[in-house]
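Note sheet for the following structure.
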Amino acid sequence: MLSKGEAAAILSLINSHHGNAQWDDIQLEAFHSELRADMTQAEAREAVRRFYAADHEGRWCGSGDINAIVRRMRDEARPSEEQIGRECERLGLSEDESWMYRRQRMLGNGPEQSQQTALTGRNPFELPAAKPKKRSTVSRFAGASRLGMASLGSILGGA
């Protein structure tokens, strides 16, 4: 997530397009909280650049505009299904490896990292098998050890 200082720099960049308008802490807090949590400062700066490169007739760039442009930038960078299929064929991956490679690529991982994950044969989303807990047969309630030593008559009330 962008730090508040980075968000302030982005907000100042936006305001520079509108006569260096001043912003206050409330505006900064709102702007910072509305930005995507996984956005980098470079992506945000590029989104602002693209927003003002297009003609918006004096409209201000908001956090929603930045989020939408960053989402489009990431979608454009993501490979197509056809391209991933060609990569799988080139790498000679089996059906299961191909599925894992495709999944990793669609999550945004690079070709090398996706190939490494696919070839390990381990699904990173799979949970390890649960290990049963060892349980003793000794009762755990208060006085259990004393009951075992007492006679049945004393337990039942002096019979």
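All residue numbers refer to positions in the sequence shown, counting from 1. Worth knowing before you read on, the calculation uses all heavy atoms, side chains too, and leaves out hydrogens, waters and symmetry mates.
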Carefully, step by step, assess I10 and R45 under the rule side-chain contact (heavy atoms from CB on, under 4.5 Å). CA-CA 7 Å; I10 300 300; R45 292 181 71 82; 3.3 Å; yes
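- Counting heavy atoms from C-beta on, the side chains of H32 and E6 never come closer than 4.5 Å.
- For the atom pair CZ of R50 and CD1 of I69, the computed distance is 8.0 Å after rounding to the nearest 0.5 Å.
- Under the 4.5 Å side-chain contact rule for hydrophobic residues, M1 and M39 do not share a cluster.
- Of the charged side-chain nitrogens involved, at least one lies within less than 4.0 Å of a carboxylate oxygen, so that K4 and E29 count as a salt-bridged pair.
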Applying side-chain contact (heavy atoms from CB on, under 4.5 Å) to I14 and V48, what does each step give before you reach the verdict? CA-CA 7 Å; I14 292 168; V48 171; 3.9 Å; yes
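- Atom CG of L93 sits about 5.0 Å away from atom CG of L91, to the nearest 0.5 Å.
- The shortest heavy-atom contact between R59 and Y52 is O-CE2, 3.9 Å.
- Judged by distance alone, the side chain of S16 and the main-chain N or O of L13 form a donor-acceptor pair under 3.5 Å.
- E89 is linked by a side-chain contact (heavy atoms from CB on, under 4.5 Å) to nothing, counting only residues two or more places apart in sequence or in another chain.
- A continuous path of ILVMFWY side-chain contacts below 4.5 Å connects L2 to M73, so both sit in one hydrophobic cluster.
- E34 places no side-chain N or O within 3.5 Å of a backbone atom of F31 that could act as its donor or acceptor partner.
- Here the straight-line distance linking atom CG of L35 with atom CD of Q41 works out to 11.0 Å at 0.5 Å rounding.
- Under a 4.0 Å N-O distance rule, the pair E82/R86 qualifies as a salt bridge.
- Side-chain atoms of R105 come within 3.5 Å of backbone atoms of N109 as a donor-acceptor pair (strictly under, hydrogens ignored).
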Does R90 form a salt bridge (Lys or Arg N to Asp or Glu O under 4.0 Å) with E87? I'd like the steps, not just the answer. CA-CA 5 Å; R90 181 179 52 81; E87 290 173 4; 5.5 Å; no
Steps toward side-chain contact (heavy atoms from CB on, under 4.5 Å) verdict (F51, I66): CA-CA 8 Å; F51 180 87; I66 294 173; over 6 Å; no
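- For the atom pair L107 CG and T117 OG1, the distance stands at 10.0 Å (nearest 0.5 Å).
- Between the side chain of Y101 and the backbone N or O of I84 there is no donor-acceptor pair closer than 3.5 Å.
- Among residues two or more places apart in sequence or in another chain, the side-chain contact (heavy atoms from CB on, under 4.5 Å) test is passed with D75 by R71, R78.
- The minimum heavy-atom distance between A7 and L28, with the atom names listed, is C-CD1, 3.9 Å.
- Take R74 and apply the side-chain contact (heavy atoms from CB on, under 4.5 Å) test, not counting sequence neighbours, and it matches R36, D38, E43, V70.
- In this structure, NE2 on H17 lies 11.5 Å from OG on S12, to the nearest 0.5 angstrom.
- In this structure, a donor-acceptor pair under 3.5 Å is absent between the side chains of Q104 and S114.
- Rounded to the nearest 0.5 angstrom, E95 CD and C88 SG are separated by 11.0 Å.
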